[in-house]
Amino acid sequence: MSRIIGIDLGTTNSLASYWDGSKSVLIQNRFGEYLTPSAVGIASDGSIIIGKTAKERQLTESGTCVTNFKRGMGTARQYTLGDKNFTAEELSALVLKSLREDAERFLGEKIEEAVVSVPAYFADKARKATRRAGLLAGLKVERIVNEPSAAVLAFRQTHGDSDGKILVFDFGGGTLDVSLSDCFENVVEITAVSGDNRLGGTDFDMTLAKKYCENFGMPFEAQAPQIQAFILRAAERAKRVLTVSDWAEMIADCEGFKEGMRITRKDFIRMNMNNFERIGRPVKRVLQDGKIKPSDLSGVVLVGGSCKMQVVQEYVRFLLKGTKVEAFHPDTMVALGVGAYAGMKERNITSEDLILTDICPFSLGTDVINMSDHDNPLMNVIIPRNSALPTSRESIYVTSHDNQKVMNFGIYQGEDIYSKNNIKLEEFEFAVPPRPAGEEKVKLRFTYDINGILLVDAVLLSRNEERHLVLGADDDSEYTKKQIEKLKELRSAPWEAEENKFLQAYAERVYQQLNDDYAKERLSGQLLAFTGAMKTQQDVYEIQKEGKALTALLKSLEREYLSEYEIHDKYIDEFLDWYEERDIDEDEEDSQGWNPK
Ligand code: ADP
Ligand code: MG
């Protein structure tokens with residue numbers, strides 16, 4: 001049996017772990033630390049440096065280090081370091097290689113395989129890029145797992161496999177990912193994801209940095225990059241002090257900034273109002289998407305370095321009043337979970353033993369004609385975002401003009417209404433017999449699972465001509481072939497019918513709950529259109545269209561009339577009051593603490 005390590009390849013920090021036979025254990029890097037900053041730098045002699053060393057050198061020599069490249073995974077974006085250009089994939093490979101070397105030293109054996117975690121919303125291209133980065137680093141990526149799934153796994157290993165709904169709040173350096181999972185017996189199912197991929201710990205550093213500069217009458221933006229780096233570092237340090245203490249003194253200690261600024265936790269909350277508000281939004285969205293109230297949650301897991309902030313923990317407790325919020329080593333949770341996955345892989349425990357059904361983090365669909373702007377086709381979604389995986393769905397498309405000879409299908413991934421703004425995965429044509437518009441029909445079926453392989457089956461109904469495409473299978477290994485065979489079995493599953501029944505039942509329930517005549521009328525109208533389409537049978541396209549309209553209406557009605565859980569801006573004020581009441585020890589004479597002493 002060869003050893004497989006787990007890797008949490010983060011935007012800010014990366015960690016490695018392994019399975020010691022009974023539990024997941026973190027691996028120390030060459031400095032004896034668990035966290036390796038995801039930073040790649042170039043030393044004065046031109047050699048590549050990774051992690052802490054790279055970050056440190058950036059302080060004395062700007063332009064010698066790149067960070068945050070995880071955002072560019074799967075894109076062609078170039079990052080410049082010295083006189084060379086790198087892609088995010090190459091930079092990630094350098095970090096992975098450093099983690100592999102540290103693991104080899106720590107474990108005293110050669111390491112060639114890994115399980116790597118990625119955000120749930122990572123598109124297929126970014127997942128592939130992660131696999132390739134592994135290969136470049138000498139690691140075969142045995143499996144890609146979603147970060148929230150890993151966090152839930154780690155949580156369940158320490159807290160017992162209790163059943164229920166768990167919310168994972170992952171707040172890192174530059175991103176906030178909120179997800180909802182359903183756990184029952186040995187199944188962990190992620191049912192909804194949301195987040196803000198432009199909000200993280202660095203935003204809090206930036207607020208402090210700006211405030212600090214403002215005190216000296218010197219805008220942060222006007223400072224040289226070197227000075228900015230020093231001020232940001234001082235801000236981050238002050239933020240960390242606030243994690244353990246009620247107040248902190250921030251001093252940048254560089255040219256022009258020798259004075260200190262005293263801040264309390266309450267000042268910190270007030271300065272970061274905007275950031276706190278932004279934290280609330282995805283939390284609210286994920287609860288709405290999951291159709292639950294905070295009191296329905298059986299646990300909340302705080303993950304990511306920014307959850308170490310006491311005020312963030314308190315804010316989440318405030319938002320989800322009444323639920324148990326766990327903050328147990330938030331910055332290592334994902335890595336521990338990935339280590340547990342690696343252990344399962346090593347022991348050949350397949351997903352049948354611990355089934356983790358994931359969700360599709362993006363929508364998949366095809367382009368259709370836009371009647372009001374022919375040059376700008378619309379995205380027609382076949383597999384909607386947040387569908388539980390694996391899934392198989394179909395939709396019917398008709399010719400749009402008389403004597404049309406070919407039907408063109410682009411296959412897209414993304415959320416934009418216009419297909420051109422989404423990612424094009426493939427394109428194909430179907431020659432059709434020339435007939436009046438609308439008479440030729442092509443049925444498209446998409447089948448997709450967590451391994452990122454998409455099967456596309458197209459049938460020209462009049463001739464029963466078929467076309468099959470396999471997207472995303474990079475290699476023709478036995479493993480991939482098996483995955484494809486498994487997917488093929490899924491095609492015939494009767495998803496549509498069940499979904500429709502569910503939608504009808506759900507609409508009927510909402511109808512009963514509604515207490516407003518106009519809202520009831522709108523709902524009954526759309527419900528009739530939908531059940532009507534179902535009765536006439538077989539026109540899947542019509543059923544889908546009415547079903548979509550019904551789903552959209554239900555969402556808006558629920559939001560407008562039934563939402564039991566709203567976050568308003570005034571919540572921040574309420575939060576401060578709440579915080580003040582429970583926080584009895586804090587120094588009262590704090591609010592004027594901005595001026596340097
Ligand atoms: P990512 O998932 O983006 O790689 P991490 O989970 O490692 O990131 O979180 C990094 C962020 O956590 C940074 O913004 C850092 O400032 C913040 N952080 C780490 N430790 C603390 C702490 N003790 N107090 C406050 N913030 C912290
Ligand atoms: Mg992370």
Side-chain angles (χ1 to χ4, degrees), residues 6-17 26 29 33-40 50-52 55 67-73 88 91-92 95-96 99 116-122 130 145-152 154 168-179 193 195-209 229 231-248 250 263 265 268-269 272 275 279 301-316 327-339:
I7 294 177
D8 166 8
L9 186 61
T11 313
T12 321
N13 295 299
S14 295
L15 297 91
S17 57
L26 295 174
N29 65 16
E33 293 163 355
Y34 297 133
L35 272 65
T36 298
S38 306
V40 178
I50 307 292
K52 183 160 120 168
K55 262 180 91 179
T67 54
N68 271 319
F69 39 83
K70 182 173 172 180
R71 292 183 190 286
M73 280 304 261
L91 295 167
S92 301
V95 174
L96 287 170
L99 294 172
V116 182
S117 60
V118 299
Y121 60 81
F122 245 28
T130 307
V145 297
N146 289 326
E147 287 163 9
S149 308
V152 167
V168 178
F169 181 91
D170 183 348
F171 201 15
T175 51
L176 168 63
D177 300 316
V178 187
S179 52
V193 286
D196 187 332
N197 67 358
R198 294 277 156 196
L199 180 69
T202 50
D203 293 289
F204 291 83
D205 305 343
M206 189 54 90
T207 333
L208 272 178
I231 298 172
L232 281 172
R233 189 159 84 150
E236 208 228 344
R237 233 184 274 137
K239 177 183 79 174
R240 282 174 188 258
V241 171
L242 287 176
T243 289
V244 286
S245 147
D246 283 344
W247 64 276
M250 172 177 166
I263 26 159
R265 283 179 178 162
F268 187 72
I269 296 171
N272 285 293
N275 291 336
I279 288 177
V301 192
L302 299 187
V303 180
S306 295
C307 281
K308 289 188 142 186
M309 277 191 266
Q310 191 259 7
V311 290
V312 167
Q313 296 186 5
E314 291 305 324
Y315 191 60
V316 177
F328 181 72
H329 298 304
D331 50 350
T332 58
M333 277 299 260
V334 171
L336 287 173
V338 191

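Numbers here simply count residues along the sequence, with the first being 1. In each ligand, atom 1 is the first atom listed, and ligand 1 is the first ligand listed.
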K.L.:
Among residues at least two apart in sequence or on other chains, which ones pass salt bridge (Lys or Arg N to Asp or Glu O under 4.0 Å) with Lys308?
P.N.:
Asp331
K.L.:
Got a second to check how far Leu176's CG is from Leu199's CG, nearest 0.5 Å?
P.N.:
6.0 Å
K.L.:
With sequence neighbours excluded, what pairs up with Ser92 under the side chain to side chain donor-acceptor pair (under 3.5 Å) test?
P.N.:
none
K.L.:
Identify whether the distance between the nearest side-chain nitrogen and carboxylate oxygen of Lys70 and Glu147 falls below 4.0 Å.
P.N.:
yes
K.L.:
Taking salt bridge (Lys or Arg N to Asp or Glu O under 4.0 Å) as the definition, give me every residue that meets it alongside Arg233, ordered by chain and number, with sequence neighbours left out.
P.N.:
Glu56
K.L.:
Have Thr36 and Asn29 got a donor and an acceptor in their side chains that come within less than 3.5 Å?
P.N.:
yes
K.L.:
Name the residues in contact with ligand 1, where contact means a heavy atom under 4.0 Å away: which are they?
P.N.:
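Lining ligand 1: Gly10, Thr11, Thr12, Asn13, Gly172, Gly173, Gly201, Thr202, Glu236, Lys239, Arg240, Thr243, Gly304, Gly305, Ser306, Lys308, Met309.
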